[in-house]
Amino acid sequence: MTGQQSDEAMKSNIERAGKLILAGKYVVGITGAGISVESGIRPFRGPGGLWTEHGEPPMDGYQRFLADPKGHWEQRLKRDNTMSEFSQTIEKAQPNPAHHALAELEKLGVLRYLITQNVDNLHRAAGTKKIAEIHGNHRKLRCIQCNSRYDGEEISLETLPPLCPHCGGIIKSDGVSFGEPIPSDTLRICVEETSKCDCMLSVGTSAVVYPAAGFPQQVKGGGGTLIEVDLYETALTPISDVSLRGKAGEIMPQLVNYIKANL
Ligand SMILES: [Zn+2]
């Protein structure tokens, strides 16, 4: 089923989802591109996707970077002068009510951790603190040797490629490139949080890209519950205990209101 559920069905589904979340001992959220669409960020794949329109980037981006980090940085700095469409939208984007709702669930002590596949920084901008950005954060830089993250202004670009002040390793953008392994520290946190989780709340992810796709399956496999919030049916729908079908920016605040009223 796609499209919006009737008001009555939605109300009863929100109540069911809220009860499962309140019954959860360790609730973890997982989000993907769908949550940021309402902030004006186009997804990469699917209808209206940036890659659908412009073509997929090279699948061996990380190998190309390793082969010539200096050349990659020179190109990147040149490109920054004419910021890509994605960077322009992302710079202007603001968190929407769904991002704020997840940040509020963390403040309430209901949401223990958030795993996101998004690089857009909007969860942090909304105030979420306990977060693993599995594909990195577009605003940050990362040492490929020791995984230290830096804000752009912390790293001198006088000589290229820039080197890590901590260990001397090569610095690249924190966003995980095609062909690049998920940074080991981030992956370890995701695995640890998922193993503790007995109720997962999935928002705006089609859950087809691994490793993120495996986390909800693991929670279900361990006897936990799964709630999904998405405009469309996803690969998670068949294993979800409750599917809330509609805009995350409209559904999530209602879910938080139910939880607050019943805490
Ligand atoms: Zn380093």
Side-chain angles (χ1 to χ4, degrees), residues 28-33 36 41 44 56-84 86-88 90-91 93 95 99 103 106 112-196 209-215:
V28 172
I30 184 163
T31 65
S36 292
I41 297 178
F44 292 112
E56 297 239 347
M59 295 306 288
D60 59 348
Y62 190 56
Q63 285 65 36
R64 289 181 189 211
F65 174 81
L66 291 181
D68 181 16
K70 185 170 189 278
H72 178 96
W73 268 99
E74 284 167 351
Q75 273 205 341
R76 177 190 156 117
L77 295 179
K78 230 186 279 170
R79 207 178 49 224
D80 278 355
N81 294 328
T82 56
M83 269 212 301
S84 71
F86 179 67
S87 308
Q88 285 182 30
I90 230 172
E91 286 302 322
H99 296 104
E106 181 188 287
R112 301 299 193 94
Y113 216 85
L114 184 62
I115 297 169
T116 186
Q117 300 167 84
N118 299 339
V119 300
D120 55 33
N121 199 52
L122 293 182
H123 285 300
R124 288 186 195 274
T128 294
K129 303 267 188 287
K130 293 176 185 165
I131 182 169
E133 292 160 310
I134 201 164
H135 295 152
N137 181 314
H138 90 110
R139 288 176 184 240
K140 291 192 160 67
L141 301 173
R142 169 171 42 87
C143 168
I144 61 171
Q145 194 161 290
C146 73
N147 285 335
S148 292
R149 271 77 167 182
Y150 299 98
D151 291 328
E153 62 273 13
E154 290 180 273
I155 297 293
S156 159
L157 299 176
E158 261 170 50
T159 54
L160 297 177
L163 299 178
C164 175
H166 180 63
C167 80
I170 294 171
I171 299 271
K172 79 176 274 292
S173 54
D174 183 38
V176 173
S177 309
F178 274 119
E180 180 178 7
I182 306 293
S184 55
D185 54 348
T186 307
L187 190 58
R188 192 181 60 243
I189 291 170
C190 293
V191 169
E192 280 170 12
E193 293 298 320
T194 301
S195 69
K196 287 188 267 186
V209 180
Y210 277 85
F215 301 141

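All values reported here derive from a predicted model rather than from experimental measurement. Below, each value reflects all heavy atoms present in this structure, side chains not excepted, and no hydrogens, waters or symmetry copies. Counting starts at 1 for both ligands and their atoms, following the listed order.
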Could you grab the protein N, O or S atoms closer than 2.8 Å to the Zn ion (ligand 1) for me?
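Atoms qualifying: C143 SG, C146 SG, C164 SG, C167 SG.
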Is the closest side-chain donor-acceptor distance between H138 and S173 under 3.5 Å?
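No donor-acceptor contact under 3.5 Å links the two side chains.
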Is any side-chain heavy atom of V28 closer than 4.5 Å to one of T194?
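They are not in contact (no side-chain heavy atoms under 4.5 Å apart), so the answer is no.
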About how many Å separate CG of L114 and CD1 of I131, when rounded to the nearest 0.5 Å?
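Atom-to-atom, I131:CD1 and L114:CG are 5.0 Å apart.
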With sequence neighbours left out, which residue pairs that include part of residues 154-182 fulfil the salt bridge (Lys or Arg N to Asp or Glu O under 4.0 Å) condition?
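For residues 154-182: R142-D174, R142-E180, R149-D174, K172-E180.
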Excluding sequence neighbours, so at least two apart, what forms side-chain contact (heavy atoms from CB on, under 4.5 Å) with P211?
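Partners of P211 under the side-chain contact (heavy atoms from CB on, under 4.5 Å) test: I134, I182, L187, F215.
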side-chain hydrogen bond (donor to acceptor under 3.5 Å, both in side chains) partners of R139, counting only residues at least two apart
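Listed in chain order: nothing, the list is empty.
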